[in-house]
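Accompanying notes for the structure given below.
Convention: sequence-line order gives letters A, B, ...; per-chain numbering from 1.
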Number of protein chains: 2
Amino acid sequence: MLTLKQDHSQLVVLSVLAVGPSYGYAISKDIAARSEGHFKLSPSGMYPLLTKLEKNGLVTTGWEEVKAAGADPDSTGRRRKWYTLSDKGHKQLAKRIEHHRQVQSILDGFVSQAPESELANG
Amino acid sequence: MLTLKQDHSQLVVLSVLAVGPSYGYAISKDIAARSEGHFKLSPSGMYPLLTKLEKNGLVTTGWEEVKAAGADPDSTGRRRKWYTLSDKGHKQLAKRIEHHRQVQSILDGFVSQAPESELANG
DNA sequence: TTCGGATATATCGAAACTGGATATATTCTT
DNA sequence: AAGAATATATCCAGTTTCGATATATCCGAA
């Protein structure tokens with residue numbers, strides 16, 4: 001299990017939402033699945049992050065009532081909050097991807113000059 | 001100017017020290033030079049980090065008195081604290097490089113599936 | 001000889017972040 | 001009927017971040 005820093009979490013969540021709208025629980029499952037269990041974003045990481053994205057206008061949100069078949073019509077039912085990447089969110093993601101690649105490239109310069117670089121391939 | 005997270009700072013500093021012993025100020029200059037000014041590690045980022053590396057046994061340290069030619073023999077002179085990567089530090093670095101590459105690889109999986117991935121090449 | 005810039009190490013503190021634990025409620029499966 | 005899975009959300013103690021600040025020496029130019 002590899003832990004994700006917020007920076008990476010944000011990049012991953014934005015990338016997931018770039019494919020299409022989703023909601024917290026589904027995103028967390030998606031991340032676990034698409035990383036073959038290596039990445040995990042827990043509720044305490046996920047919801048503050050999504051709230052922040054919403055506050056910054058990177059996503060728009062809407063509630064869906066998830067009623068069971070034949071459920072009490074008066075019951076509140078389970079609520080599902082959908083997140084949709086906004087225009088601003090798409091632009092932000094593009095910027096972040098570029099930044100990420102730049103950092104990556106320079107970082108590789110340092111790492112590849114360390115003698116340990118060879119050993120770490122196994 | 002790209003900001004470095006502590007995780008990356010640590011990787012970079014360890015990589016620099018893997019080449020040979022150095023001291024705080026030189027390391028920060030080294031990082032700026034080898035990243036063509038893109039990475040910068042300020043004193044407030046550097047020294048707590050080096051202290052932490054020392055506390056964790058990843059580096060060993062020693063003081064050097066930097067006397068000027070013909071300086072007052074009684075003056076304390078400028079002190080320079082050298083940091084040398086320990087065995088433990090070398091192993092830690094190898095581990096970190098491997099971890100870094102793993103995270104990198106999975107992260108790329110997410111990013112490359114986002115439509116913005118194409119746009120971010122300019 | 002004196003002044004400023006570069007060298008050199010180090011702490012402070014407010015703000016942000018981290019992540020396990022916890023809370024609450026519904027729906028599905030056996 | 002019980003328990004696992006679905007689903008959202010906050011709490012909080014500990015850590016990280018990073019600009020600002022402190023201190024002192026060395027070097028070159030005017």
Side-chain angles (χ1 to χ4, degrees), chain A residues 1-13 16 21-33 39-56 59 61-83 103, chain B residues 1-13 16 21-33 39-56 59 61-83 103:
Chain A
M1 247 292 299
L2 305 170
T3 8
L4 278 183
K5 302 289 169 191
Q6 154 145 329
D7 225 46
H8 289 164
S9 297
Q10 210 156 332
L11 186 61
V12 166
V13 168
V16 167
S22 190
Y23 54 94
Y25 191 80
I27 296 173
S28 80
K29 290 293 154 189
D30 213 18
I31 290 175
F39 285 171
K40 189 186 151 192
L41 195 47
S42 62
S44 59
M46 175 66 75
Y47 293 106
L49 172 55
L50 289 174
T51 302
K52 193 182 159 192
L53 293 179
E54 185 181 7
K55 208 178 64 186
N56 292 346
V59 297
T61 62
W63 286 97
E64 176 197 11
E65 299 293 324
V66 187
K67 296 253 179 177
D72 175 6
D74 291 340
S75 87
T76 312
R78 185 186 292 165
R79 281 149 37 99
R80 195 178 273 160
K81 193 175 183 181
W82 285 86
Y83 295 83
V103 170
Chain B
M1 248 290 299
L2 305 170
T3 8
L4 277 183
K5 302 289 167 190
Q6 153 146 329
D7 224 47
H8 289 164
S9 297
Q10 210 157 332
L11 186 61
V12 166
V13 168
V16 168
S22 190
Y23 55 93
Y25 191 79
I27 296 172
S28 79
K29 291 293 155 190
D30 213 18
I31 289 176
F39 285 172
K40 188 186 153 194
L41 195 48
S42 62
S44 59
M46 175 66 75
Y47 294 105
L49 172 54
L50 289 174
T51 302
K52 193 181 159 192
L53 293 180
E54 185 181 9
K55 209 178 64 186
N56 292 346
V59 296
T61 63
W63 286 96
E64 177 196 9
E65 299 294 323
V66 186
K67 296 252 180 179
D72 174 8
D74 291 340
S75 86
T76 312
R78 184 186 292 164
R79 282 147 37 99
R80 196 178 273 160
K81 194 173 182 181
W82 286 86
Y83 294 83
V103 169

Residue-phosphate contact under 4.0 Å: [X] side-chain N/O, [N] OP1/OP2:
X     : N      : value
A:Y25 : D:dT6  : yes
A:K52 : C:dA16 : no
A:Q6  : C:dA16 : no
A:R78 : C:dT27 : no
A:Y23 : D:dT8  : no

Between atom [atom1] in [X] and atom [atom2] in [N], what is the gap in whole Å?
X     : N      : atom1 : atom2 : answer
B:L49 : D:dT16 : CG    : C1'   : 12 Å
A:R80 : D:dT6  : CZ    : C1'   : 8 Å
B:F39 : D:dC18 : CZ    : P     : 13 Å
B:K81 : D:dA24 : NZ    : P     : 18 Å
B:E65 : C:dT9  : CD    : C1'   : 13 Å
A:L50 : D:dA7  : CG    : P     : 14 Å
B:M46 : C:dA10 : CE    : C1'   : 13 Å
A:I27 : D:dA9  : CD1   : C1'   : 15 Å

>> Considering every strand and a 4.0 Å limit on heavy-atom distances, what is the contact class for A:G24: base, sugar-phosphate, or nothing?
In response: sugar-phosphate
> Contact class for A:S42 (heavy atom, under 4.0 Å): base, sugar-phosphate, or nothing?
Replying inline: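 Nothing, no nucleic acid heavy atom in range.
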> What's the closest nucleotide to the A:Y47 side chain, out of D:dC18, C:dA10, D:dA7?
Replying inline: D:dA7
Does the side chain of [X] reach to within under 4.5 Å of the side chain of [Y], using non-hydrogen atoms?
X      : Y     : result
B:V103 : A:F39 : yes
A:I27  : A:V12 : no
B:R79  : B:E65 : yes
A:V59  : A:L50 : no

> Toward the 5' end of DNA chain C, which comes first, A:D7 or A:P43, by nearest nucleotide?
Replying inline: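 It is A:D7, whose closest nucleotide lies nearer the 5' terminus.
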> Does B:R79 get its side chain close enough to the base of C:dT9, under 3.5 Å, for a donor-acceptor pair?
Replying inline: no
> Which word best sums up how the rings of B:H8 and A:H8 line up, parallel for under 30°, tilted for 30 to 60°, or perpendicular for over 60°?
Replying inline: tilted
> Taking the nucleotide of DNA chain D with the closest heavy atom to each, which residue, A:K29 or B:S44, is nearer the 5' end?
Replying inline: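 Result of the comparison: A:K29.
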